[in-house]
Amino acid sequence: LAAARLNMAGVHNKARQVTVPKLPMRRLHIADRKRDGSEVSLLNADATRSDTVTREPSPKSRRNSTNIHHASSDPPSANASSFNSRKASPRRGKDKAAHSTAVEKRNKAVNVLQQSFHRLQVSREAKSAPMTFRINKPGEDAGLADYGELNFIGRAAHNPAPFLRFAATREPFLSEEAYCSQVLDLLERHWKMQSASVLISITGSAQDFDLSPRLHQTFSHGLAKAAHATNAWIVTGGTDTGVMRLVGRALASFDERVTVVGITAWGSLLEREHMEGCRGQRIEITNQKKNDRFGANLEPHHTHFLMVDDGSRADKAWGTEIKFRFALEREYARRRRVPRVLLVVQGGPGTLQSILEAVIGECPVVLVADSGGVAQALDHFLFRSNPPSVPDGKDFRAFKDLKHVERLMKIKELNDISHKVSSFVLNDSSTAQLDLYLLNAVLNDSSQCKPQHRLKLAVEWGRLDVVSSILQESRFGSDSDAVLLPALQMALLKQNAEITSLLIDRKPALVEQIDFISIYQRTNSMLFRMPELIRAFGSEEALDAEGCKTTPKTFLDVLGPWFRKYKLVPGYVTHLEILKDAKKELGFSSLIVWAVLIGNQTLARIFWQWHAEDHDPIRMALIASQTASNVARILNNESKKYEEQATMYEGWAHELLDYCRAQRDAQIVLLRRNIFWPDTIIKLAVQGEHKTFVGHRRVQMLVDDWWNGASLTRELSLPSSASTLQILLYLIFPFHDLSLQEVESLEPSANATKP
């Protein structure tokens, strides 16, 4: 690396001239050193030529040269002659030349591959840049797309929303799939949108409608919970009307971090004249105009906007974006292999076409049956009437048109085969939960969610009832680890204590296969954002270990320097080294340390209870207490929380020591060493200044025994009844009888019980 840097910089010095080889210098050795030190030839083992460094002789170089010759057992002349004979060997020269040629070819091939990959990356990013899009169909007077950022007045709490206005199609130059892929590259590469684990598309009426406060609360909370739990993308029509307004405001009131993408028709937007000709600038949007049948404002709580332009304007532009929207959703689900679901709230006759395209595209559909409109009409047609019929009433009169009846019949025919459509009622007396119905719609769709992925998705969604149901119904057989381990890993990343406990109950041995490096890297904690850890997570060892179980050696290589530097966990590095030498795996003790570091006392309690069955629970409680105290000194903003947790962990150890029925049993617990941890418990408590634990009556009795001389290295001790005056008399009058007693051995009593 140093040679490459010098080669790029072209370093030249007046005192000496250095010619650096193009290949990396792996090994340098002295080829010839003259006695006066005026010239030294450095040979590169991988190069075909040597580099000559010319410098002025100095006394220091003469001394070094002389010392080198005198240090050898042979005379200098013999060394020089033998070295020159090896250098002059023709066979050695040929082998070296062949090796150098092979190395040159290999490095040249690597450079070509790197340059090709870089050009490919640049080309892909350039093709998806906003300025590469057009706003008219091919064959017409094409113009550059409009793009930039929208700043909605009165929405200061949100970041500006990026937008792009582009043509509805690029055929015949680009197919529909290629065009959608180009737009997705824009979202991910230029707008830096995080990948979603599920795509929730919401459609319905563009007309304003009202929900009761309770229904609004239930709908908002369920949708926000579903979106946040799964890192979902929410896709709507993007305008400030009807269900789009409901979704935007609902998500904004519960969670600011949810990604809400609005895909709308350019020709139906009000204030679009402010965005025309924009090339990356920030536009102020006021939404002062009122919505009407010719256009609507943008919903200000959406985070991203895609504006599809097919040339239509005013009322003729409504719905022109639907085809591209569903094609984009389908392409993203195929590209990222994530499930998608369509949620229908109310809706008019035009929404039937969206539902039909979703069913044809094998996308599950969830109807809010009591929201009215097409959702209620389709629910009645599919599930509540025999023969199928449209409900009576003036609100459903439009659906009795022959064209709409044909669409209803087509949806029923497809649903009888694929069972893609489901519905639920969200009324005042219902306890329905929106996120549960969305999850069930995805889990029951075998075309999108494979059986081995159902459990992980349910864990990611955070539904304990669904996870429990899957565990009870499914029989994983020999491949249970392949199903349970990803689910447990996800539960730890989500820090869901209840689901984590449920999965560990199913198979405790899974903890030995956990990827601890990924857990530390992806845990959102200020403690894990230190520069040392960021560099460690980017190291070669960390990248090689990604997705695999973490061994003690890998843990030490990646995170060991950080633990050694800050010394947050007493004896933890030594513990890992012992595990590595004993060829043991990481277990509950490492999970306890992680839970304590992130300040999750609920998870720490679960892991500590499992650790208590076969290991040393008092020791781990004291280690957890001291770790929390050390973290409190680093994180000033959360010091109070960690100090309270440190007191709680020490209380666990204090409470557990009460289970020792006899003093001899307590002495065994406090003084016996653990083969996987350094020091004894009593030493750990004293070094950690655990005053509450040291003040326990069992510990104080042990201290009294030490005062009387009852240590493990002695055979006799003073009786506990000996007073201080008697001891002083014995010092003055050694012939005084103190009735010394034998020190008992460290064997558990017959009444000892396991905590």
Side-chain angles (χ1 to χ4, degrees), residues 125 128-135 143-167 183-194 196 202 206 208 220 223-224 227-228 231-292 294-309 313-314 317 321 324-325 328:
E125 292 187 5
S128 61
M131 62 285 298
T132 61
F133 289 88
R134 296 294 182 266
I135 58 174
L144 293 177
D146 300 326
Y147 61 92
E149 295 181 340
L150 300 178
N151 185 25
F152 292 90
I153 303 300
R155 203 195 65 163
H158 293 251
N159 295 325
F163 78 94
L164 174 70
R165 170 200 177 189
F166 57 98
V183 175
L184 292 176
D185 286 340
L186 167 78
L187 301 182
E188 295 180 338
R189 295 177 181 273
H190 292 272
W191 288 358
K192 307 299 181 183
M193 293 174 59
Q194 295 184 354
I202 303 178
D208 294 338
S220 303
L223 185 59
H228 179 66
N231 190 30
W233 284 8
I234 307 295
V235 182
T236 75
T239 57
D240 194 22
T241 58
V243 67
M244 288 79 77
R245 174 188 293 176
L246 175 66
V247 171
R249 296 182 179 180
L251 294 176
S253 61
F254 275 90
D255 199 335
E256 301 283 350
R257 296 168 294 176
V258 175
T259 300
V260 189
V261 182
I263 303 179
T264 184
W266 168 264
S268 63
L269 293 180
L270 300 177
E271 298 189 25
R272 63 178 180 271
E273 63 275 5
H274 300 305
M275 294 175 276
E276 291 184 359
C278 180
R279 300 293 185 270
Q281 297 89 353
R282 182 173 298 180
I283 306 299
E284 301 288 340
I285 301 296
T286 59
N287 283 353
Q288 291 181 350
K289 297 182 180 180
K290 293 184 178 180
N291 299 330
D292 53 32
F294 298 106
N297 292 299
L298 290 172
E299 204 287 318
H301 298 96
H302 283 59
T303 59
H304 305 79
F305 289 98
L306 295 174
M307 304 168 184
V308 183
D309 185 8
R313 295 295 182 266
E321 82 287 353
F324 175 84
R325 170 182 169 180
L328 185 71

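The basis for the numbers below is simple: all heavy atoms, side chains too, and nothing from hydrogens, waters or symmetry mates.
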Checking R313 now: which residues fulfil salt bridge (Lys or Arg N to Asp or Glu O under 4.0 Å) with it, not counting sequence neighbours? D309
Any side-chain heavy atom of V261 sitting closer than 4.5 Å to one from M193? yes
My understanding is that only residues two or more places apart in sequence, or in another chain, count here; which of them pass side chain to side chain donor-acceptor pair (under 3.5 Å) with S268? none
Could you give the side-chain donor-acceptor pairs of residues 270-277 under 3.5 Å, partners two or more places apart or in another chain?
residue: E271; atom: OE1; partner: T286; partner atom: N; Å: 3.4
residue: E271; atom: OE2; partner: T286; partner atom: OG1; Å: 3.3
residue: E271; atom: OE2; partner: N287; partner atom: N; Å: 2.9
residue: E271; atom: OE2; partner: Q288; partner atom: N; Å: 3.1
residue: R272; atom: NH1; partner: G267; partner atom: O; Å: 3.2
residue: R272; atom: NH1; partner: L269; partner atom: O; Å: 2.8
residue: E273; atom: OE2; partner: K289; partner atom: NZ; Å: 3.4

Of all the heavy-atom pairs spanning R325 and G237, show the shortest one and how long it is. NH1-N, 3.6 Å
F324 ring center within less than 6.0 Å of F166 ring center: yes
Reported NE2-to-CG distance for the pair H304 and L186, which is rounded to 0.5 angstrom: 9.5 Å
Which pair of non-hydrogen atoms, one from A145 and one from P130, has the smallest distance, and what is that distance? CB-O, 4.2 Å
For S220, what residues pass the side-chain contact (heavy atoms from CB on, under 4.5 Å) criterion, not counting sequence neighbours? H216, A250, F254
Distance col, row R245:CZ vs T236:OG1, nearest 0.5 angstrom, shows 12.5 Å
What's the verdict on salt bridge (charged side-chain N to carboxylate O under 4.0 Å, His left out) for E149 and R282, showing C-alpha distance, side-chain angles and the deciding distance? CA-CA 5 Å; E149 295 181 340; R282 182 173 298 180; 3.1 Å; yes
Carefully, step by step, assess R249 and H301 under the rule side chain to side chain contact (heavy atoms under 4.5 Å, CB included). CA-CA 6 Å; R249 296 182 179 180; H301 298 96; 3.9 Å; yes
If the condition is side-chain contact (heavy atoms from CB on, under 4.5 Å), which residues does E188 pass it with, not counting sequence neighbours? S195, Y332, R335, R336
Contact summary for W233 and Q194, nearest pair of heavy atoms: NE1-O, 2.9 Å
Evaluate side chain to side chain contact (heavy atoms under 4.5 Å, CB included) for I263 paired with V235, printing each intermediate quantity in order. CA-CA 7 Å; I263 303 179; V235 182; 3.8 Å; yes
Ring pair (Phe, Tyr, Trp, His ring centres under 6.0 Å) partners of W266, counting only residues at least two apart: none
To the nearest 0.5 Å, atom OG1 of T259 lies from atom CH2 of W191 at 12.0 Å
Evaluate side chain to side chain contact (heavy atoms under 4.5 Å, CB included) for Y147 paired with M131, printing each intermediate quantity in order. CA-CA 8 Å; Y147 61 92; M131 62 285 298; 3.7 Å; yes
From L298 atom CG to M307 atom CE, the distance as rounded to the nearest 0.5 Å: 4.5 Å
Minimal non-hydrogen separation, A317 against A265, with atom names: O-CB, 3.3 Å
Straight-line distance of L164 CG to L187 CG, nearest 0.5 Å: 8.5 Å
Is any side-chain heavy atom of V258 closer than 4.5 Å to one of T303? no
Please examine the side chains of I283 and N151, heavy atoms only from C-beta on, and report whether any two atoms are closer than 4.5 Å. no
Backbone N or O of N297 within a donor-acceptor pair of the N291 side chain at under 3.5 Å? yes
Can you list the steps and then say if L144 with R134 is a side chain to side chain contact (heavy atoms under 4.5 Å, CB included)? CA-CA 5 Å; L144 293 177; R134 296 294 182 266; 3.2 Å; yes
To the nearest 0.5 Å, atom OG1 of T264 lies from atom CD of E321 at 5.5 Å
Which heavy atom of G148 sits nearest a heavy atom of C278, and at what distance? CA-SG, 4.1 Å
Heavy-atom closest pair, residues G238 and M244: N-CG, 3.5 Å
